[in-house]
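These notes concern the structure reproduced below.
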Amino acid sequence: MKYLVQQLRKYQKTPLLIDETIDLSAPARENFSDRLLDLKPLHVTGEISYGRNDQISVALKIKGIAVLPSARSFNPVQYSFEIPMNELYVQDQETLDTFAQTEQVFLIERNQLDLDAAILENIITELPIAVYTNEELKEKPVSGKGWKLIDEEDYVEPESQDRKETTQNLGDFFPDNNEDR
């Protein structure tokens, strides 16, 4: 989804309505292979408005499915998402400088609005850090070698005597070496 600024100027009175299916799987795999395995075709709806001071406002809703690696087994997990995208674009550096640095305003480069890159960046920032397969969610380990999972209500603060014994045992690992001081 790329638009020349000249094309968008005719949408000053009424916005350009967007209802498209786009495929960004190739650039997603190429640029973000560490975060996702695949990206299914996306359904993008919304509008683009050409406003005062040559500002272009983009309000989109992006729906799709990302195939992410499981955090436990690296098996593929399909993750459905629906992301709102609201961005403002300006055409020159002077206009950009009028906005506070805390505002998200983007500069249009080469007289072209490239929404493919913006959509992909919005998707990547909204993806969860860890996902699990359904089987992995069902299999919650409750104990292992030297540990067990307990509820917060069952937690008992260790006695101070136990702490002293533990710290005394650590002394075996750190012998006194006063000569080095």
Side-chain angles (χ1 to χ4, degrees), residues 1-5 7-8 11 15-51 55-93 95-144 147-152:
M1 292 177 50
K2 296 179 183 181
Y3 301 94
L4 292 174
V5 172
Q7 290 175 307
L8 296 173
Y11 296 101
L16 169 63
L17 299 179
I18 305 289
D19 189 357
E20 292 186 32
T21 300
I22 61 172
D23 186 2
L24 298 178
S25 59
R29 283 191 306 266
E30 181 180 323
N31 298 315
F32 301 103
S33 61
D34 60 326
R35 293 282 317 269
L36 57 88
L37 302 173
D38 196 14
L39 186 63
K40 304 292 184 189
L42 306 167
H43 185 228
V44 180
T45 57
E47 59 184 43
I48 302 173
S49 302
Y50 193 95
Q55 297 175 8
I56 299 171
S57 174
V58 177
L60 301 175
K61 183 174 19 170
I62 308 155
K63 292 171 104 175
I65 297 173
V67 181
L68 307 172
S70 164
R72 194 171 293 153
S73 65
F74 292 107
N75 288 333
V77 177
Q78 292 200 4
Y79 176 77
S80 298
F81 60 86
E82 185 173 321
I83 300 170
M85 177 179 146
N86 297 298
E87 294 184 351
L88 183 63
Y89 293 86
V90 296
Q91 297 179 49
D92 56 57
Q93 187 65 43
T95 308
L96 184 62
D97 292 340
T98 62
F99 290 91
Q101 288 196 354
T102 57
E103 295 180 89
Q104 279 201 321
V105 181
F106 302 95
L107 186 62
I108 293 177
E109 297 177 7
R110 295 182 300 278
N111 210 25
Q112 182 179 17
L113 179 62
D114 181 3
L115 289 180
D116 289 350
I119 289 171
L120 195 51
E121 286 179 23
N122 275 275
I123 291 170
I124 293 300
T125 58
E126 293 293 323
L127 290 177
I129 293 174
V131 294
Y132 302 97
T133 64
N134 289 335
E135 294 80 28
E136 291 169 342
L137 290 173
K138 292 176 189 171
E139 303 171 358
K140 291 185 180 177
V142 292
S143 66
W147 68 273
K148 69 176 181 175
L149 184 66
I150 61 172
D151 291 325
E152 191 172 341

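In this chain, numbering begins with 1 at the start of the sequence shown.
For the atom pair CD (Q78) and OG1 (T133), the distance works out to 12.5 Å, reported to the nearest 0.5 Å. To the nearest 0.5 angstrom, Y3 atom OH is 8.5 Å from Y11 atom OH. The CD1 atom of I124 lies 12.5 Å from the CD1 atom of I119; values are rounded to the nearest 0.5 Å. A distance of 10.0 Å separates CZ of F74 from CG of L37, quoted to the nearest 0.5 Å. Rounding to the nearest 0.5 Å gives a distance of 10.5 Å between NZ of K2 and CG of L115. Note: L16 CG to Y50 OH = 14.0 Å, rounded to the nearest 0.5 Å.
In plain terms, the two heavy atoms of I108 and Q91 that are nearest each other are CD1-CG, 4.1 Å. Between S25 and L39, the closest heavy-atom pair is CB-O, 3.1 Å. Residue V67 comes nearest to P76 through the heavy atom pair CG1-CB, 3.6 Å, listed as atom of the first residue, atom of the second, then distance. Of all heavy-atom pairs between Y89 and A118, the closest is OH-CB, 3.4 Å. When all heavy atoms of R35 and P128 are compared, the closest pair comes out as NH2-O, 3.6 Å. Nearest heavy-atom pair across L127 and Y79 is CD2-CD2, 4.0 Å.
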Evaluation steps, side-chain contact (heavy atoms from CB on, under 4.5 Å), between L42 and T21: CA-CA 5 Å; L42 306 167; T21 300; over 6 Å; no
Evaluation steps, side-chain contact (heavy atoms from CB on, under 4.5 Å), between M1 and L113: CA-CA 8 Å; M1 292 177 50; L113 179 62; over 6 Å; no
Trace of the side-chain contact (heavy atoms from CB on, under 4.5 Å) decision for D38 with R29: CA-CA 6 Å; D38 196 14; R29 283 191 306 266; 2.8 Å; yes
Worked check of side-chain contact (heavy atoms from CB on, under 4.5 Å) between D19 and L17: CA-CA 7 Å; D19 189 357; L17 299 179; over 6 Å; no
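N122 and E87 are linked by a side-chain donor-acceptor pair at a separation below 3.5 angstrom, with hydrogens and angles left out of the test.
Looking only at side-chain heavy atoms (C-beta outward), L120 and F32 come within less than 4.5 Å of each other. By the 4.5 Å heavy-atom criterion applied to side chains, V90 and L107 are counted as neighbours.
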